[in-house]
Amino acid sequence: QVQLVESGGGLVQAGGSLRLSCAASGRTFSSYAMGWFRQAPGKEREFVAAISRSVSTTYYSDSVKGRFTISRDNAKNTVYLQMNSLKPEDTAVYYCAARLAVAVTTNAYNYWGQGTQVTVSS
C-alpha cells in the first residue's frame, strides 16, 4: 500500500507557473513508477506525465510536452510536476498516482491521491 497526498494547486493567470507536489507514504516510494493525471469538469480523467522508478524515463501527453516537467526525489518520497506557460485549458483537478511499472493509461494505476485544483484564468 502507498498513500499519496497532492499539494501546490491554486489560481494562476495564463502564462504563469505552478509546481505540484505529491508526497507518498507507506511502502518504499522508489518501488513505484509515478504518474500525474488531470480531470476537467465534464471530461474524463486524462494522462499528463509519468516517470519511471529509476527516474531514467519520462513520458508526457502532447498537450503538455515542452511546458510541464515531471521529476521525483526518492529521498523525500515526493514526485513533482512543474507547470510553466499555463493555459486556461490546463484548468482541472490534478491527481498523482502510483503503480509498480510506468504506464500512461489511467486504468493501469493502483493508487491515487485525492487531487489538487489548478485554475488558470485568461
Side-chain angles (χ1 to χ4, degrees):
Q1 287 278 355
V2 61
Q3 291 78 43
L4 304 172
V5 178
E6 303 95 336
S7 61
L11 173 64
V12 64
Q13 288 188 333
S17 298
L18 281 175
R19 187 175 82 155
L20 306 183
S21 299
C22 174
S25 60
R27 296 181 64 180
T28 306
F29 176 70
S30 59
S31 299
Y32 292 90
M34 301 297 296
W36 283 98
F37 294 79
R38 67 187 181 185
Q39 187 166 18
K43 295 187 177 181
E44 292 187 354
R45 194 170 297 187
E46 65 175 4
F47 169 76
V48 174
I51 188 166
S52 64
R53 292 176 291 181
S54 64
V55 197
S56 62
T57 308
T58 56
Y59 302 85
Y60 298 93
S61 68
D62 289 342
S63 62
V64 307
K65 197 173 297 182
R67 300 187 298 123
F68 291 10
T69 302
I70 188 171
S71 62
R72 66 188 296 164
D73 185 336
N74 287 341
K76 295 183 177 180
N77 287 4
T78 303
V79 63
Y80 305 96
L81 185 68
Q82 177 67 44
M83 306 186 296
N84 298 329
S85 302
L86 282 161
K87 304 174 181 180
E89 50 264 43
D90 294 318
T91 295
V93 177
Y94 283 71
Y95 300 88
C96 69
R99 74 185 303 266
L100 292 181
V102 69
V104 300
T105 55
T106 306
N107 292 341
Y109 282 78
N110 309 104
Y111 305 103
W112 292 85
Q114 83 290 347
T116 186
Q117 176 71 47
V118 171
T119 303
V120 184
S121 63
S122 57

Inset, instruction - Heavy atoms only: give me the nearest A103-A108 pair and the separation to one decimal. - result: CB-CB, 3.7 Å
Legend entry - Residues T28 and S30: side-chain donor-acceptor under 3.5 angstrom: no
Legend entry - Residues forming a side-chain hydrogen bond (donor to acceptor under 3.5 Å, both in side chains) with S71, sequence neighbours excluded: none
Legend entry - Residues that R19 engages under salt bridge (Lys or Arg N to Asp or Glu O under 4.0 Å), provided they are two or more places apart: none
Inset, instruction - Using a 4.5 Å cut-off on heavy atoms from C-beta on, say whether the side chain of S61 contacts that of E46. - result: no
Inset, instruction - Of all the heavy-atom pairs spanning A14 and P88, show the shortest one and how long it is. - result: CB-CD, 4.1 Å
Legend entry - Side-chain donor/acceptor of R99 to backbone N/O of G35, under 3.5 Å: no
Inset, instruction - Please name all residues satisfying side-chain hydrogen bond (donor to acceptor under 3.5 Å, both in side chains) with T106, sequence neighbours left out, ordered by chain then number. - result: none
Inset, instruction - Flag the pair T91 / Q117 as yes when at least one side-chain heavy-atom distance between them is below 4.5 Å, and no otherwise. - result: yes
Inset, instruction - Report the distance from atom CG of N77 to atom CD of Q3, rounding to the nearest 0.5 Å. - result: 11.5 Å
Inset, instruction - Tell me, please, which residues at least two apart from K43 pass side-chain contact (heavy atoms from CB on, under 4.5 Å). - result: A40
Inset, instruction - Answer yes or no: is there a side-chain heavy-atom contact under 4.5 Å between F29 and L4? - result: no
Legend entry - Distance-minimising heavy-atom pair for A49 and L81: CB-CD1, 4.2 Å
Legend entry - Cluster companions of Y109 among Ile, Leu, Val, Met, Phe, Trp, Tyr (side-chain spacing under 4.5 Å): F37, F47, Y59, V93, Y95, V102, V104, W112
Legend entry - Ionic contact status for K65 with D62, cut-off 4.0 Å: yes
Legend entry - Contacts of type side-chain contact (heavy atoms from CB on, under 4.5 Å), residue S121, not counting sequence neighbours: L11, Q13
Legend entry - Any side-chain heavy-atom pair of Y32 and L100 under 4.5 Å: yes
Legend entry - Any Y80 side-chain heavy atom under 4.5 Å of C22 side chain: no
Legend entry - Partner of V79 by side-chain contact (heavy atoms from CB on, under 4.5 Å), out of I51, D73, N74: I51
Inset, instruction - Measure the shortest side-chain to side-chain distance between Q82 and F68 over non-hydrogen atoms and say whether it is less than 4.5 angstrom. - result: no
Legend entry - Which atom of T116 lies closest to which atom of G9, heavy atoms considered: OG1-N, 3.2 Å
Inset, instruction - Check whether V120 and L18 end up in the same hydrophobic cluster, where Ile, Leu, Val, Met, Phe, Trp and Tyr are linked by side-chain heavy atoms less than 4.5 Å apart. - result: yes
Inset, instruction - Please name the pair of heavy atoms, one in M34 and one in A98, separated by the smallest distance, quoted to 0.1 Å. - result: SD-CB, 3.5 Å
Inset, instruction - Look only at the side chain of T78 and the backbone of K76, and say whether a donor-acceptor pair between them is shorter than 3.5 Å. - result: yes
Inset, instruction - Report yes if some heavy atom in the side chain of Y60 is under 4.5 Å from a heavy atom in the side chain of V48; otherwise report no. - result: no
Legend entry - Over all atoms of both residues, closest heavy-atom pair of R38 and Y94: NH1-OH, 2.9 Å
Inset, instruction - Determine yes or no for a side-chain-to-main-chain donor-acceptor pair under 3.5 angstrom, with S21 supplying the side chain and S7 the backbone. - result: no
Legend entry - Sidechain-backbone polar pair: E6 side chain, G115 backbone, donor-acceptor under 3.5 Å: yes
Inset, instruction - From the options L20, D90, V64, V12, select the one residue that forms a side-chain contact (heavy atoms from CB on, under 4.5 Å) with M83. - result: L20
